[in-house]
Amino acid sequence: MKVALVGIGKIAIDQHVPAIANSPDWELAATVSRKGSVEGVEAFDDFAAFLSARPDVSVVSLCLPPVPRFDYAEAALLAGRHVMLEKPPGATLAEVHALQALAAAKGLTLYTTWHSRMALAVAPAKAWLADKRILKAHITWREDVRKWHPGQDWVFEPGGMGVFDPGINALSILTEILPAPVHLTAASLEFPSNRQTPIGAKLTFSGNVTADFDWRQTGPQTWDIEVETDHGPMALRMGGNVLEINGKPAGGENTIMGEYPALYARMAELVARGASEVDLAPMVHVADALTLGRRIETEAFDF
Ligand code: NAP
């Protein structure tokens with residue numbers, strides 16, 4: 001199937017382009033980006049021009065930041081294209097509901113991807129937890145924004161989500177692996193004095209679940225989810241790629257290179273089945289944290 005990539009920036013180049021190139025299902029037929037392009041692939045800098053010039057490209061994968069994404073997704077669906085959305089799937093929950101309704105009305109596939117759910121140890125962790133009683137869980141997601149998002153000011157603008165941009169990856173895993181849903185009960189959010197979105201967040205959920213997200217961690221980076229159960233502890237480390245049960249390695253591998261190939265394989269399957277996959281559970285927690293969170297002002301942040 002032919003796919004167009006829209007928003008040729010960091011994640012498109014790092015993950016989408018190689019995942020498509022190595023997939024038996026997909027051909028990268030076009031790109032749409034104001035500045036970016038991919039060598040050897042027809043490049044457009046205007047989405048409407050792409051839609052009218054390339055009716056043969058039936059699938060559009062949107063790698064833009066969340067705020068500009070809705071207009072592109074809506075235009076793609078109105079033009080009869082299946083749509084794959086980077087995470088988080090939108091700037092607001094309501095706009096994703098609107099896309100879901102539009103895709104259903106047009107009989108098109110809409111896929112809200114969550115790449116961290118494709119991490120190697122997530123499915124085995126979910127299977128192991130399925131018949132356990134969860135006593136406690138804690139997420140530690142601490143990374144260096146300067147290393148992973150150099151100069152990306154949009155993350156600190158309204159709708160950019162701040163530290164929830166990586167934190168929502170942890171929440172996408174949590175909402176996948178827990179045998180029963182939890183809901184947010186309290187949050188404290190640290191906003192740099194010169195920015196619109198938080199750089200640190202501490203979250204409390206029902207069911208004795210807590211989370212610590214921080215974007216100021218230099219040195220070793222931490223992407224851990226630790227769960228205590230009635231059958232002992234389980235931990236997911238390295239962003240869901242490595243599993244430990246009772247303190248011992250129990251599966252996975254320290255690589256994220258399988259996540260995007262798995263997303264594109266899922267998209268191929270959804271299009272073939274004429275189905276959509278829209279799950280907003282991780283984003284509901286972020287919206288609730290921004291609704292309920294106590295604001296703490298912290299020192300100004302500049303890249
Ligand atoms: P990015 O490099 O800052 O942006 C991607 C591209 O989108 C830009 O190069 C730009 O291309 C286009 N764009 C930016 N703002 C736009 C606007 N207002 N209107 C139209 N086009 C615009 O961002 P990214 O890091 O790739 O992240 C994109 C999405 O992927 C985010 O939702 C993020 O959460 C997700 N993601 C990122 C990572 C990561 O490691 N960075 C990992 C996983 C998922 P042109 O200037 O050429 O138009």
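Just so we're clear, the structure is a prediction, and the values are computed from it rather than from any experiment. Atoms within a ligand are numbered from 1 in the order they appear, just like the ligands themselves.
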- Query: Can you pull the residues with any heavy atom under 4.0 Å from ligand 1?
  - Reply: Gly7, Ile8, Gly9, Lys10, Ile11, Ser33, Arg34, Lys35, Gly36, Cys63, Leu64, Pro65, Pro66, Pro68, Arg69, Tyr72, Glu86, Lys87, Pro88, His115, His149, Gln152, Trp154, Asp165, Tyr260

Within a reach of under 6.0 Å around [atom1] of [X], are more than 12 heavy atoms found that belong to other residues, nucleotides or ligands?
| X | atom1 | result |
| --- | --- | --- |
| Arg133 | CZ | no |
| Glu297 | CD | yes |
| Arg294 | CZ | no |

- Item | Heavy-atom side-chain proximity of Leu236 to Leu243 below 4.5 angstrom | yes

- Using atom types as modelled and distance alone, determine if a side-chain donor or acceptor of Ser23 lies under 3.5 Å from a backbone N or O of Ile20. no

Between side-chain atoms of residues 36-47 and protein atoms elsewhere (two or more places apart, or another chain), which donor-acceptor pairs fall under 3.5 Å?
from, atom 1, to, atom 2, distance (Å)
Glu42, OE1, Arg54, NH1, 2.7
Asp46, OD2, Ala48, N, 3.3
Asp46, OD2, Ala49, N, 2.9

